[in-house]
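FYI, the numbering just counts along the sequence from 1.
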Amino acid sequence: MRRLDLATYVRSEDFFEAVRDAARERASILGTISSMEGREGLHAQGYEAMGRSGAVRDRMAATDDRMDYESSRAPLLAEDDAIIRLANSLIWGGDGGDLSGGVASLAGERVATAMEMRYVHALTWAEAARRMKYSPRSGQVVADLCRVGLDIVDSHLLTAVARGEGSAT
């Protein structure tokens, strides 16, 4: 279960795996919405909607379905966005990109980038390695960088953030 209260996580890895789950869920929801939008298509306005069989059907049904889906998933997207923003703040400092604190300040940009690729973007080790300009077979390098970042969060940031102390975010 995902929580925004960092004190509920024993290890930073637990928190960042929750972030990864949120990122995958967010991508899935947005992908479904995009697919639904594609099925809506553009239609010339008509006053009588006729299907292939000649029966009257609602041309707005696909749009209504998408809007219902978006509405039902809005709370999940908001939760996903909140935990992803918190992760970015831990990784990059400040509002999640200003390098004023977090892992980037303590361990450098490569470690922070590895954590962002793996957890915020939910990439596999190989995909993260490729995006970071390593060989796709260098997934272990990215895993090692993430381990350094997780250790830093465990030893410095998670506790400080949970207590509201220091400049961890």
Interatomic spacing from [atom1] in [X] to [atom2] in [Y] - rounded to 0.5 Å:
X: Leu106; Y: Asp151; atom1: CG; atom2: CG; value: 12.5 Å
X: Leu30; Y: Glu25; atom1: CG; atom2: CD; value: 10.5 Å
X: Thr124; Y: Arg118; atom1: OG1; atom2: CZ; value: 7.0 Å
X: Ile91; Y: Ser105; atom1: CD1; atom2: OG; value: 14.0 Å
X: Lys133; Y: Ser138; atom1: NZ; atom2: OG; value: 13.5 Å
X: Thr63; Y: Glu37; atom1: OG1; atom2: CD; value: 9.0 Å

Within a radius of less than 6.0 Å around CZ of Arg137, do more than 12 heavy atoms belonging to other residues, nucleotides or ligands occur?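 No, CZ of Arg137 has 12 or fewer neighbouring heavy atoms, counting only those of other groups under 6.0 Å.
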
State yes or no: do Met67 and Ile33 share one hydrophobic cluster built from I, L, V, M, F, W and Y residues joined by side-chain heavy-atom distances below 4.5 Å, directly or via other members?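 Unlinked, Met67 and Ile33 end up in two clusters.
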
So do Trp92 and Met115 actually touch side chain to side chain, heavy atoms under 4.5 Å?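 Heavy-atom side-chain distance check fails, nothing below 4.5 Å.
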
For a 4.5 angstrom cut-off between non-hydrogen side-chain atoms, does Leu90 reach Leu6?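 Answer yes - side chains close enough.
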
With His121 as reference, evaluate Arg131, Glu116, Arg24 under the side-chain hydrogen bond (donor to acceptor under 3.5 Å, both in side chains) test and give the passing residue.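 Among Arg131, Glu116, Arg24, the one meeting side-chain hydrogen bond (donor to acceptor under 3.5 Å, both in side chains) with His121 is Glu116.
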
Let me know which of Asp21, Asp80, Asp81 forms a side-chain hydrogen bond (donor to acceptor under 3.5 Å, both in side chains) with Arg26.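 Running side-chain hydrogen bond (donor to acceptor under 3.5 Å, both in side chains) over Asp21, Asp80, Asp81 with Arg26 returns exactly one hit, Asp81.
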
Exercise: identify the closest heavy-atom pair between [X] and [Y]:
X: Val142; Y: Ala114; answer: CG1-CB, 3.9 Å
X: Asp154; Y: Ser12; answer: OD1-N, 2.6 Å
X: Ala87; Y: Val120; answer: CB-CG2, 4.2 Å
X: Ile84; Y: Val19; answer: CG1-CG1, 4.3 Å
X: Gly139; Y: Ala129; answer: N-CB, 4.0 Å
X: Met117; Y: Ala128; answer: CB-CB, 3.7 Å

Show your reasoning for whether side chain to side chain contact (heavy atoms under 4.5 Å, CB included) applies to Tyr69 and Ile29. CA-CA 9 Å; Tyr69 180 79; Ile29 291 169; 4.0 Å; yes

Walk me through whether Phe15 and Thr8 qualify under side chain to side chain contact (heavy atoms under 4.5 Å, CB included). CA-CA 9 Å; Phe15 169 73; Thr8 62; over 6 Å; no

Would you please test Glu17 and Tyr119 for side chain to side chain contact (heavy atoms under 4.5 Å, CB included) and show each step? CA-CA 7 Å; Glu17 285 299 331; Tyr119 300 109; 3.5 Å; yes

Is it true that Arg66 and Glu70 have a side-chain N and a carboxylate O under 4.0 angstrom from each other?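 Here Arg66 pairs with Glu70 in a salt bridge, since their nearest N and O are under 4.0 Å apart.
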
Inspect the contact between Asp14 and Arg11 and indicate whether a charged nitrogen and a carboxylate oxygen are less than 4.0 angstrom apart.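 Yes, this pair counts.
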
Flag, side chain of Tyr9 to backbone of Arg3, donor-acceptor distance under 3.5 Å: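 Checked: pair present.
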
